[in-house]
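Structure record follows, encoded as structure tokens.
Numbering of residues begins at 1 and proceeds along the displayed sequence. We use all heavy atoms of the structure for the numbers below, so side chains are in, but hydrogens, waters and symmetry mates are not. Both ligands and their constituent atoms are indexed starting at 1 by order of listing. Since this is a predicted model, take the numbers as computed values, not measurements.
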Amino acid sequence: MEKNIAVLSGDGIGPEVINQSLRVLDAIGTKYDHKFIYHNCLIGGISIEKTGIPISKSTLDTCLECDSILFGAIGNPKFENSKIRPEQGLLKLRKKMGVYCNIRPIKVYKKLFKISPIKKKYIENVDFIIYRELTNGIYFGKKGLSLNQTKAYDVCNYEKKTISRIATAAFKAAVKRKKKVTLVDKANVLETSRLWRETLKEIHLNLNLNFKEVQLDYLFIDNASMQMIFNPQKFDILLTDNMFGDILSDEASAITGSLGLIPSSSIGKKTPMYEPIHGSYPQAAGKNIANPLGSILSVAMMLEDFGMKKESFLIKKAVNNSIKNGVSTKDLNPKYSFSTKEVGDFLINYIINN
Ligand code: IPM
Ligand code: MN
């Protein structure tokens with residue numbers, strides 16, 4: 001197969017982790033005779049520095065023409081107080097690609113139980129997926145700051161149709177798994193949350209959709225944050241809005257032991273995107289210490305969506321093996337850590353020989 005991939009490394013540790021992802025992808029390409037063609041584009045702080053804006057039309061056009069987007073990380077403290085911010089580039093990209101469905105799998109590794117802040121008995125069988133709505137809600141509502149800078153607002157918008165499409169995706173995923181959807185919201189306070197509940201109830205009961213066998217639960221966000229620590233094994237598909245999904249996914253990553261481990265895919269109307277859930281981690285940039293696994297596992301999700309099942313499986317197997325053997329960066333193996341590139345070397349070697 002031949003695939004065109006837009007590569008948006010972005011800021012901080014983005015370029016380093018993407019580098020390892022591309023090496024892994026090349027190894028897969030060689031082994032299975034696929035041609036991956038990379039199109040490097042600017043986004044984020046680096047784009048502001050070079051072009052004055054966080055994402056240009058040329059980046060957006062390239063992304064629209066490609067089969068997928070590999071995204072690294074975004075954010076630079078240098079722009080903390082400026083009006084033009086790196087993050088605006090990512091939000092614009094998500095909106096333009098229409099990738100409303102963000103999928104973040106949370107899975108634990110035996111070898112890492114000891115670095116999780118949570119006791120083994122609570123996390124042994126953790127295996128759930130966060131379905132985060134990605135192109136609406138408070139991130140994209142009207143916002144403003146008064147002239148004297150003493151008042152500000154951010155509006156949270158949802159419509160039945162923008163809730164339905166991600167809810168349907170979540171139910172479909174649940175049917176193939178443990179048949180459970182948990183909606184996380186704040187329906188005791190927020191009107192948008194009540195609309196989410198209403199919409200979900202309708203979808204659940206719609207006989208044409210065949211979701212009746214799926215168990216549908218509701219949790220308030222404050223309660224869900226607690227249950228994620230005390231009882232994370234209860235979740236299967238956790239469905240939530242843009243802001244709650246952002247917060248809960250960082251919390252969920254802590255269960256696994258590291259934010260650096262979690263990949264994601266974002267699917268919707270146009271080109272799908274694949275990105276680790278971590279940020280740009282500027283303190284580590286350029287030091288060859290960042291964990292590349294979040295990005296590399298995002299590549300595995302991308303290959304799966306391309307229909308390259310055995311290729312995707314081999315990457316996951318290589319990752320499992322590296323963790324099992326302690327060939328990991330400092331976040332996973334504080335005592336005998338390996339560099340970002342050494343982790344990549346191990347994975348490539350494994351892919352070639354297995
Ligand atoms: C994420 C990130 C982004 C978000 C930031 C960088 C805008 O935290 O993908 O989780 O909030 O969506
Ligand atoms: Mn986040």
Side-chain angles (χ1 to χ4, degrees), residues 8-15 17-18 21 42-48 53-55 59 63 69-106 129-141 143 154 156-158 162 166 184 221 224-225 228 238-256 258-268 272-285 290-291 293-295 297-298 301-302 331:
L8 279 59
S9 306
D11 303 321
I13 59 169
V17 297
I18 285 284
S21 283
L42 291 174
I43 189 168
I46 178 93
S47 173
I48 300 177
I53 48 173
I55 190 163
T59 293
C63 288
I69 301 164
L70 255 189
F71 175 84
I74 210 159
N76 184 334
K78 193 169 131 186
F79 298 102
E80 218 165 55
N81 298 312
S82 81
K83 235 186 129 81
I84 302 176
R85 299 173 52 92
E87 290 80 1
Q88 292 158 350
L90 178 59
L91 298 187
K92 188 160 181 186
L93 178 64
R94 287 173 176 168
K95 194 72 176 178
K96 285 269 181 223
M97 297 305 128
V99 286
Y100 56 83
C101 181
N102 179 222
I103 303 172
R104 301 182 157 185
I106 307 295
I129 309 181
I130 298 175
Y131 272 63
R132 170 189 176 196
E133 202 291 326
L134 202 62
T135 52
N136 290 277
I138 197 165
Y139 273 55
F140 291 96
K143 50 184 87 244
D154 297 276
C156 180
N157 286 306
Y158 270 107
T162 55
I166 184 165
V184 174
I221 175 73
S225 316
M228 191 159 281
L238 191 163
L239 170 63
T240 191
D241 79 1
N242 203 343
M243 173 89 128
F244 295 152
D246 180 45
I247 300 166
L248 279 181
S249 46
D250 274 31
E251 186 187 351
S253 78
I255 299 170
T256 70
S258 173
L259 181 60
L261 265 180
I262 316 295
S264 86
S265 67
S266 307
I267 314 292
M273 288 177 61
Y274 299 86
E275 54 176 300
I277 77 161
H278 63 67
S280 62
Y281 193 13
Q283 307 87 320
N291 190 343
L293 295 185
S295 177
L297 288 169
S298 303
M301 293 180 88
M302 177 179 85
D331 51 328

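Atoms of ligand 1 lying under 4.0 Å from at least one heavy atom of Arg132, given by number and element, are 1 (C), 4 (C), 9 (O), 10 (O), 11 (O), 12 (O). Interface atoms of ligand 1 facing Arg104, defined by a heavy-atom separation under 4.0 Å, are 1 (C), 9 (O), 10 (O). Every atom of ligand 1 with a heavy atom of Tyr139 under 4.0 Å away is listed here by number and element: 4 (C), 11 (O), 12 (O).
The protein heavy-atom contact nearest to atom 8 (O) of ligand 1 is Asp246 OD1, 3.3 Å. Of the protein's non-hydrogen atoms, the one nearest atom 9 (O) of ligand 1 is Arg94 NH2, 2.8 Å. For atom 7 (C) of ligand 1, the closest non-hydrogen atom of the protein is Glu87 CG, 3.9 Å.
Less than 2.8 Å away from the Mn ion (ligand 2), the protein contributes these N/O/S atoms: Asp246 OD1.
For the 3.5 Å distance criterion, the side chains of Asp11 and Asn76 fail to qualify, holding no donor opposite an acceptor.
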| task | Decide yes or no on side-chain contact (heavy atoms from CB on, under 4.5 Å) for His278 and Leu261, but give the supporting numbers first. | result | CA-CA 8 Å; His278 63 67; Leu261 265 180; over 6 Å; no

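Take Ser47 and apply the side-chain hydrogen bond (donor to acceptor under 3.5 Å, both in side chains) test, not counting sequence neighbours, and it matches Thr51.
For the pair Pro105 and Pro263, the tightest heavy-atom approach, listed with the atom from each and the gap, is CD-O, 3.5 Å. For the residue pair Tyr100 and Gly268, the shortest heavy atom distance occurs at CE2-CA, 3.6 Å.
Screening residues 90-102 for salt bridge (charged side-chain N to carboxylate O under 4.0 Å, His left out), with sequence neighbours left out, gives Arg94-Glu275.
Residue Ile106 holds its CD1 atom at 4.0 Å from CD1 of Ile262, rounded to the nearest 0.5 Å.
Here the side chains of Asn102 and Ile277 are not in contact, with every heavy-atom distance at 4.5 Å or above.
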Taking distance alone, no hydrogens or angles, what donor-acceptor pairs closer than 3.5 Å link side-chain atoms of residues 241-250 to residues at least two apart or in another chain?
residue : atom : partner : partner atom : Å
Asp241  : OD1  : Met243  : N            : 3.3
Asp241  : OD1  : Phe244  : N            : 2.9
Asn242  : OD1  : Arg132  : NE           : 3.1
Asn242  : OD1  : Arg132  : NH2          : 2.7
Asn242  : ND2  : Leu134  : O            : 3.4
Asn242  : ND2  : Asn136  : O            : 3.0
Asp246  : OD2  : Tyr139  : OH           : 3.0
Ser249  : OG   : Arg104  : NH1          : 2.6
Ser249  : OG   : Gly245  : O            : 2.7
Ser249  : OG   : Asp246  : O            : 3.1

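With a 4.0 Å cut-off on non-hydrogen atoms, Ile74 touches ligand 1 through its side chain and not its backbone.
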